[in-house]
Amino acid sequence: MQHFKIKRNWVSVLILTLLGVIGFIIFFVKLESVPKGFYVDEALHGYNAYSILQTGKDEYGKFLPIVFRMYGSYNAPLYIYLTTLPIKIWGLNPYAVRIVASLSGFLSIFVFYFFLKNLKISLVGSLFFAVTPWLVFQSRVGYEVSLAFFLFCAGSLFLWLSLKKSIYLIPSAVFLSFSLYAAYTERFIIPPLILFFFVIFRKKILKKENYKNIIISFAILFLTQIPNLMIVFTPAFFPKSDLMSSSAILSQAEKINIFPKLVAFVLSFLREFLSQYVNYFSPRSLFLSNDLDMPEMTPFYVWMVVPYLIGVVYLWKKRKEDYSKFILLVLLLSPIPAALTKDPLSTHRAMPVVFPISLIIAFGINEVMVFLNKFKPKLLVKSLFVILFLFISLSFFWRSYFVLFINEKARDFSFGFEELSQLIRKDSETHYIVEDQRIKIPYIELAFFMKIDPLIYQKNIDQTIKYNYYSNTKFDPYHQFENVETRGIIWEKDIYKNQILVGDELSISSKQAKEHFLTKVFEIDDPIHRPIFIGYKTNPGLKCASTPNKSVYCNK
């Protein structure tokens with residue numbers, strides 16, 4: 001195997017140093033304010049971590065749950081439990097909730113570096129991996145997928161190293177097992193990864209001298225998965241939300257009337273699945289289509305399509321080599337969970353895909369370096385070549401994420417709840433109704449920013465939920481705490497009480513405000529001056545005085 005060889009140790013040290021500097025800047029700078037806003041999933045993670053820290057129970061009063069119940073679905077627990085530490089240090093704020101994700105992304109770049117180092121190919125690929133839009137975007141939001149990605153990458157690295165020294169099976173088992181507690185995606189990937197790894201590399205791994213480490217590794221896997229095994233037959237273990245629509249598959253199956261119904265259904269399912277699955281290898285999806293929330297930005301930089309195609313060709317030619325078999329195994333397994341959902345390309349659910357795709361790109365970059373090395377260019381020339389592409393990549397990323405994204409996408413990231421919470425806190429004598437039909441799950445955002453005491457919060461929750469916690473998926477959007485209610489506005493009675501109604505332009509129109517004598521008392525806009533929240537004060541006296549057929553509420 002021909003490689004671009006780094007002859008001087010100081011070059012690899014320089015790259016490692018650059019990784020640290022670039023990684024620190026891109027993963028941690030302005031973390032508390034970019035993304036601008038605080039998404040509902042972040043608030044759910046943060047407030048539940050705060051509740052665990054204060055009471056040992058989640059928002060529903062469940063003591064140290066195996067998975068966390070969240071608005072009718074469930075979330076893996078590890079991110080929430082780890083977030084209790086930064087909340088203890090920095091308090092309940094966006095930075096404390098996001099730091100676990102950003103640290104996970106930061107550590108992932110060093111895992112990738114050591115993977116390339118072990119493969120003995122150009123380490124330059126790790127620099128470009130560190131600034132990959134898909135990786136950075138998911139790592140700067142308080143989501144669980146970045147943590148799961150780090151654990152998956154680390155576990156995969158040790159699994160690969162175990163082919164040389166079986167002792168590495170033990171740390172691999174630890175990382176891969178804990179990744180199952182970090183995100184649901186890994187529950188579809190890790191079991192077949194371990195199974196096929198032992199099948200493909202059985203001649204190297206299943207040796208008598210390795211039995212001890214194999215037994216220890218499987219014992220670790222079994223013991224650490226006991227909590228998951230306890231709920232394996234409940235809806236909490238595999239939430240079914242966002243899976244491929246069975247009705248759509250049935251509809252397609254009906255059109256295939258030349259086969260028996262069961263065969264037609266299977267064919268229809270495979271058609272839907274494969275159409276999703278191949279998307280995660282498509283150059284168009286990965287390099288040319290904007291499938292991130294970032295404006296004018298693709299999951300991988302456009303220029304990376306060239307080393308990607310080169311890397312694919314190279315690995316296919318070397319498919320009999322162990323490293324090629326391993327990368328192709330991870331590549332083929334990693335899109336499966338995302339392909340089972342309705343989304344055409346889900347960068348959130350398909351986070352593990354970043355790892356093998358980036359390895360393929362790194363091999364392509366290595367081949368380019370090998371080719372350039374034939375012309376014996378000076379190290380300075382090669383360095384300038386790398387710096388140019390790194391600068392171009394960072395420039396595009398910075399413009400998209402730190403300039404356009406924070407303004408254009410603030411509304412999508414639940415911007416404005418912090419300001420709304422401050423207004424409600426200052427006006428504690430007034431009752432507020434925050435409309436929840438159009439405003440997505442406002443209760444947890446308000447509980448987070450108002451820092452509602454978890455003991456008080458838990459008392460207002462249906463107490464029966466914690467007794468069938470892992471099987472009760474019914475979600476009641478109504479919440480009440482302190483001087484706030486989150487629910488739909490009941491126009492027949494809410495306008496006859498002294499209170500403030502909060503909604504957006506569509507939930508409370510100007511026509512309704514005029515008809516019901518509502519007085520606009522505040523407006524919260526996004527960074528490009530589009531209204532997000534509008535608060536209207538009711539005027540029961542004027543409403544009752546102007547109504548010929550007075551409501552029964554006028555006499556109360």
Side-chain angles (χ1 to χ4, degrees), residues 4 6 8-35 95 98-119 121-141 145-147 149-150 153-154 157 287 292 294 296-304 307-308 347 351 354-355 357-366 368-369 379-406:
F4 170 69
I6 299 175
R8 302 173 184 174
N9 288 332
W10 68 266
V11 176
S12 58
V13 172
L14 176 62
I15 290 177
L16 195 59
T17 304
L18 282 173
L19 277 180
V21 174
I22 293 172
F24 179 81
I25 293 171
I26 206 162
F27 286 104
F28 298 106
V29 168
K30 295 185 177 181
L31 184 62
E32 72 287 349
S33 57
V34 182
Y95 180 85
R98 290 171 176 170
I99 191 66
V100 172
S102 59
L103 184 60
S104 298
F106 181 70
L107 293 175
S108 296
I109 66 178
F110 294 99
V111 173
F112 193 82
Y113 169 89
F114 286 111
F115 208 116
L116 299 188
K117 194 173 181 68
N118 180 267
L119 293 170
I121 65 173
S122 172
L123 300 175
V124 167
S126 61
L127 291 174
F128 294 112
F129 174 74
V131 299
T132 298
W134 192 342
L135 171 66
V136 181
F137 179 81
Q138 297 293 348
S139 298
R140 287 183 58 95
V141 186
V145 294
S146 180
L147 171 63
F149 180 73
F150 162 67
C153 291
L157 171 61
F287 306 97
L292 288 170
M294 294 166 54
E296 302 176 26
M297 183 59 65
T298 52
F300 293 88
Y301 298 107
V302 175
W303 67 265
M304 287 181 171
Y308 171 71
T347 53
M351 188 72 182
V354 177
F355 185 54
I357 294 293
S358 297
L359 284 173
I360 292 171
I361 292 170
F363 269 98
I365 292 173
N366 182 78
V368 172
M369 290 293 185
L379 181 61
L380 178 61
V381 175
K382 290 182 287 187
S383 299
L384 289 175
F385 182 77
V386 172
I387 291 170
L388 175 63
F389 274 86
L390 194 61
F391 177 77
I392 291 172
S393 301
L394 280 170
S395 298
F396 275 101
F397 180 85
W398 195 270
R399 175 181 177 271
S400 175
Y401 190 75
F402 287 97
V403 179
L404 300 178
F405 172 76
I406 61 174

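These values consider heavy atoms only, across backbone and side chains, with no hydrogens, waters or symmetry-generated copies.
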Open item on the list: List the residues meeting side chain to side chain contact (heavy atoms under 4.5 Å, CB included) with Val34, not counting sequence neighbours, and say none if there are none.
Closed with: Lys30, Arg140, Tyr401, Phe402, Ile406
Measuring only between side-chain heavy atoms, which start at C-beta, is [X] closer than 4.5 Å to [Y]?
| X | Y | answer |
| --- | --- | --- |
| Ile99 | Phe28 | yes |
| Val354 | Phe129 | yes |
| Phe300 | Tyr308 | no |
| Leu388 | Leu384 | no |
| Thr298 | Met304 | no |

Open item on the list: Tell me whether the count of non-hydrogen atoms from other residues, nucleotides or ligands lying under 6.0 Å of CZ in Phe106 goes above 12.
Closed with: yes
Task: Test ring-ring contact (aromatic ring centres under 6.0 Å, His included) applied to Phe128 and Tyr301, Phe389, Trp303, Phe112, the passing residue - done: Trp303
Open item on the list: For Pro35, is there any backbone N or O sitting under 3.5 Å from a side-chain donor or acceptor partner on Arg98?
Closed with: yes
- [ ] May I ask you to decide if Ala101's main-chain N or O and Ser146's side chain share a donor-acceptor pair within less than 3.5 Å?
- [x] yes
On a heavy-atom basis, which atom in [X] and which in [Y] lie closest, and how many Å separate them?
| X | Y | value |
| --- | --- | --- |
| Leu116 | Ala362 | CD2-CB, 3.7 Å |
| Val131 | Ser393 | CG2-CB, 4.4 Å |
| Trp134 | Thr347 | NE1-O, 2.7 Å |
| Met297 | Ser400 | CB-OG, 3.4 Å |
| Ser108 | Ser104 | OG-O, 2.8 Å |

Nearest-0.5 Å distance, [atom1] of residue [X] to [atom2] of residue [Y]:
| X | Y | atom1 | atom2 | answer |
| --- | --- | --- | --- | --- |
| Tyr113 | Leu16 | OH | CG | 4.5 Å |
| Phe363 | Ile121 | CZ | CD1 | 4.5 Å |
| Ile365 | Ser358 | CD1 | OG | 9.0 Å |
| Ile22 | Ile26 | CD1 | CD1 | 8.0 Å |
| Ile361 | Asn366 | CD1 | CG | 13.5 Å |
| Leu147 | Met351 | CG | CE | 10.5 Å |

TODO: Report the C-alpha separation of Phe115 and Ser126 in whole Å, then their side-chain angles, then the decisive distance to 0.1 Å, and conclude whether the side-chain contact (heavy atoms from CB on, under 4.5 Å) test is met.
DONE: CA-CA 9 Å; Phe115 208 116; Ser126 61; over 6 Å; no
Task: Worked check of side-chain contact (heavy atoms from CB on, under 4.5 Å) between Phe27 and Ile109 - done: CA-CA 11 Å; Phe27 286 104; Ile109 66 178; 4.1 Å; yes
Open item on the list: Classify the ring geometry of Phe405 against Phe137: parallel below 30°, tilted from 30° to 60°, perpendicular beyond 60°.
Closed with: perpendicular
TODO: Please step through side-chain contact (heavy atoms from CB on, under 4.5 Å) for the pair Phe150 and Leu103, ending with a clear verdict.
DONE: CA-CA 9 Å; Phe150 162 67; Leu103 184 60; over 6 Å; no
